[in-house]
Every structure is written in C-alpha cells, then in structure tokens.
> 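One structure, pasted below without further comment.
Just so it is clear, the values below take in all heavy atoms, side chains as well, and ignore hydrogens, waters and symmetry mates.
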Amino acid sequence: MLQNLFILARSLASVANHSTSVRQAASQAYRSASVRQAYHSTSVRTVGQAAGQLCIVQLLTSRTLQTTGHSHSTLARHLATTQSGSRSFLTSPPAPGHNTSAMSVEAAKALAGAAAVNNHVNAATKVVGIGSGSTIVYAVQRLAERVKEEGLEVRCVPTSFQARQLILQHGLVLGDLEIEGKIDVTIDGCDEADRDLTLIKGGGGCQTQEKIVAEYSDTFIVIADYRKDSVKLGQAWKYIPIEVVPMAYRPVMGRLGDQLGGRAELRMAKAKAGPVVTDNGNLIVDWYWDQGREMNWREVNTIIQCMAGVVETGLFVGMADKAYFGMEDGSVMDRCRGGQ
C-alpha cells in the first residue's frame, strides 16, 4: 500500500513535467489524503523530480522537525509516533534508486522555514515578527498550520507590505510594535549570512522595517536555503542595500565612494519607470564594496549609518541568534551566532 502511495507521488511529479506546473502538481500531491497518511506513518524521501520534492516538503512542514544537533537530516529518517503522540526521528538509510543529492531551492527554503517555526514557537509564544522575502512564505504557512492544529494564540508583527499580506492571507492575527512593545521571536530570511551570522538583507528593499522588528525581538531567527550560507560576505551577494531619503541619494553615493571605496548605484525598478521606492517612501542605494578589501562590518555599518540622509543599511551585525539553512541533500543545518 505504502509503495503505491509513493508511486502516486512520483506520478504527480511526472505530470508536472508534461502538463502542469511544478507547484500545481505539488499541490495535488499535498491535497491527497493518502499521501499525507503515508508521510505520517513512514519515511518520505525525494522522488527524483522537483514536484515530488516540493510536495514532500509540504507534507514535511505539517509535522514537527525536532532538532538535536547541527545537521538535521530529513530525507533519511523515519517518523515514529510515541505513546504520548509526539514524534521523533529514527535513522534509516535511503531507499535504493532514490536521488537524495539534489533537493530544489524551494524545497530547501520550506525545510528551513518549518524548522524555525517548529523549534522557536510554542504555547508561551505570544508575539511573532514576520520577515519578508521568498523564504518567509514557508514559515508563515507552517505557523498557520500550527495555530490551527494546536490552538496557538499568537499575534504577528509584519516587516513589510508583503509580510502584512501574508499574515492576513493565512488568517493570522495582525499586530504592531505600537501595541505589542516587544516581540518574542522574529523569523526572517537573508540574502547572505557569514560564519558569524553577520547578514546582508535588503534585496527586497525592506531592511529598515526588518531591522526595527528584529532589534525589538527577544530572539531573532534567520532562515535561508543553502545558497545563502557563506564563510565570509561577498561569496554569494555582492552589494549592501542602503535605504536613503530621496533628496540625499546623490551625496550619499558620493560619500560612500570617498570613505569606503567601491561603487554605489541607485536601484532602478523593473516594473515601473524610475527607481525602486520602499514601503517608507525612500530610495535604495546598492553599494558594491571592494571585494579585495578586508572589511570590519560593524565599523562599516556605523560609518554608513552616520551619513546624513541614510535611513538604514542592509547590514545586520551581531543581531541574529540562530540560522537554519535548508541544504541540497534535504537536511537542515543550524548555526548560532559566533559560528557554533
């Protein structure tokens, strides 16, 4: 019976290659009660197709991923139900013929998002900061599932227009800093994270509100896929986004070159004429630093913040407490600030 269920998942993946999109096939698989039951009772491994991988991640996010070390494999484990109803991981070798080495980027994002919500939101959590970007979508999905299944009572503080819409679309309770005062935990993505969890954020132009929400949170958790994990900044992302008051963008660009070198560019919009405008009505200057120059990022951040006209930088130095990276092999790697 279970073998047939996995064949069903593979078949849906095949459908994606011929007639429907990957997401549509994944949704079909996710809606199948039989496939969901297969996940609940036995291990789920990649089916070798992107749609199959994504549907499995959708199933995966519907149960807690208890993490105990720095690398949390999901592809090569069984879920076992204890008498108390909780679930634990048991090691199991991959099934012959299954490819476990190439999980899709979207699947990796979903794994990281689920791990963060499962490990940092509980019955005592009352206020959650919701980040922005593509990875946070999966964290919000998982949070909404847990609120529905467990009756959690949480209020969600958004970091952008996008985050606000995600909160409302998933039926979660909207909050704000004016009412809440502080936040228990914020979950957000990043464009790049180095070994010390110094982050570059702002690829989506939301870094100011993201930094405010993170700063006033007891715990700041970062989620990302394997592409964002670096030893040092610059390996995956080449510039620092800086939000500036419109009248100051030109002098700020000049000051960046004079004091820090590199080059600065005003970020132009792709779907409208003119520059990108942030949720705060400001502009974004992207500073491409000299990659051959060793940077003290805390010092660099302070220098930029002190330039008149700068609202906020996309450098998050010493702020993240822990990060979860969804890896290509289907595992979730976590790292705490300081590289541990």
Side-chain angles (χ1 to χ4, degrees), residues 61 109-110 112-191 193 197 199-224 228 241 243 276-282 284 301 305 311-324 336-337:
T61 60
K109 291 178 181 179
V117 172
N118 290 334
N119 287 285
H120 298 280
V121 177
N122 54 47
T125 306
K126 299 305 178 184
V127 185
V128 178
I130 302 298
S132 305
S134 60
T135 310
I136 196 65
V137 172
Y138 298 103
V140 174
Q141 289 174 349
R142 178 59 185 140
L143 179 60
E145 287 177 355
R146 291 194 59 201
V147 166
K148 182 178 180 180
E149 294 171 1
E150 303 172 34
L152 300 178
E153 297 182 358
V154 297
R155 298 178 297 282
C156 300
V157 177
T159 58
S160 64
F161 179 87
Q162 177 222 12
R164 179 187 175 90
Q165 298 309 303
L166 280 173
I167 293 167
L168 295 175
Q169 288 167 8
H170 286 81
L172 297 169
V173 179
L174 188 66
D176 62 53
L177 277 173
E178 186 174 7
I179 296 173
E180 309 303 343
K182 73 168 188 173
I183 299 165
D184 294 320
V185 59
T186 287
I187 300 174
D188 201 353
C190 70
D191 298 309
L197 291 192
L199 312 176
I200 296 177
K201 292 177 53 59
C206 306
Q207 68 266 27
T208 298
Q209 293 186 36
E210 289 173 336
K211 188 172 285 189
I212 291 170
V213 171
E215 175 65 26
Y216 294 104
S217 300
D218 291 339
T219 305
F220 177 31
I221 303 299
V222 176
I223 55 176
K228 311 298 179 65
E243 184 166 351
V276 168
V277 179
T278 71
D279 288 356
N280 308 309
N282 297 312
I284 297 288
N301 188 53
Q305 286 179 323
V311 178
E312 192 52 84
T313 79
L315 279 169
F316 285 51
V317 185
M319 296 184 68
D321 295 295
K322 192 170 188 175
Y324 292 90
C336 295
R337 188 192 311 168

> Can a side-chain donor-acceptor contact be found between Thr313 and Asn301 if the only test is distance below 3.5 angstrom?
yes
> Hey, is the main chain of Val128 close enough, under 3.5 Å, to the side chain of Asp184 for a donor-acceptor pair?
no
> Taking His170 for its side chain and Leu166 for its backbone only, find out whether a donor-acceptor pair lies under 3.5 Å.
yes
> Any ion pair linking Glu145 and Arg142 (charged N to carboxylate O, less than 4.0 Å)?
yes
> Do any N or O atoms from the side chain of Lys211 and from the backbone of Gly314 form a donor-acceptor pair under 3.5 angstrom?
no
> For Ala320, does its backbone N or O pair with a side-chain atom of Arg337 as donor and acceptor, under 3.5 Å?
yes
> Quick check: does any side chain N or O of Arg155 sit under 3.5 Å from a backbone N or O of Glu180, one acting as donor and the other as acceptor?
no
> Going through the checks in order, is the side-chain contact (heavy atoms from CB on, under 4.5 Å) test met by Gln162 and Cys206?
CA-CA 9 Å; Gln162 177 222 12; Cys206 306; 5.7 Å; no
> Got a donor-acceptor contact below 3.5 angstrom from the Glu210 side chain to the Gly131 backbone?
no
> Taking the side chain from Thr159 and the backbone from Ile130, do they hold a donor-acceptor pair closer than 3.5 Å?
yes
> If you compare all heavy atoms of Ile187 against all heavy atoms of Ala139, which two are closest, and at what distance to 0.1 Å?
CG2-CB, 4.3 Å
> Say you draw a straight line from CG of Leu174 to CD of Gln165; how long is it, rounded to the nearest 0.5 Å?
9.5 Å
> Is the side chain of Asn280 donor-acceptor paired with the backbone N or O of Asn282 at a distance under 3.5 Å, no angle test?
no
> According to the interplanar angle, ranging from 0 to 90°, do the rings of Phe316 and Phe220 count as parallel (below 30°), tilted (30 to 60°) or perpendicular (above 60°)?
tilted
> For the pair Asp188 (side chain) and Ser132 (backbone), establish whether a donor and an acceptor sit closer than 3.5 Å, ignoring hydrogens and angles.
yes
> If you apply the rule side-chain contact (heavy atoms from CB on, under 4.5 Å), what do you find for Thr125 with Leu152, and how did you get there?
CA-CA 8 Å; Thr125 306; Leu152 300 178; over 6 Å; no
> Please report the closest heavy-atom contact between Ile223 and Ala112, naming both atoms and the distance.
CG2-O, 3.4 Å
> Taking salt bridge (Lys or Arg N to Asp or Glu O under 4.0 Å) as the definition, give me every residue that meets it alongside Glu215, ordered by chain and number, with sequence neighbours left out.
none
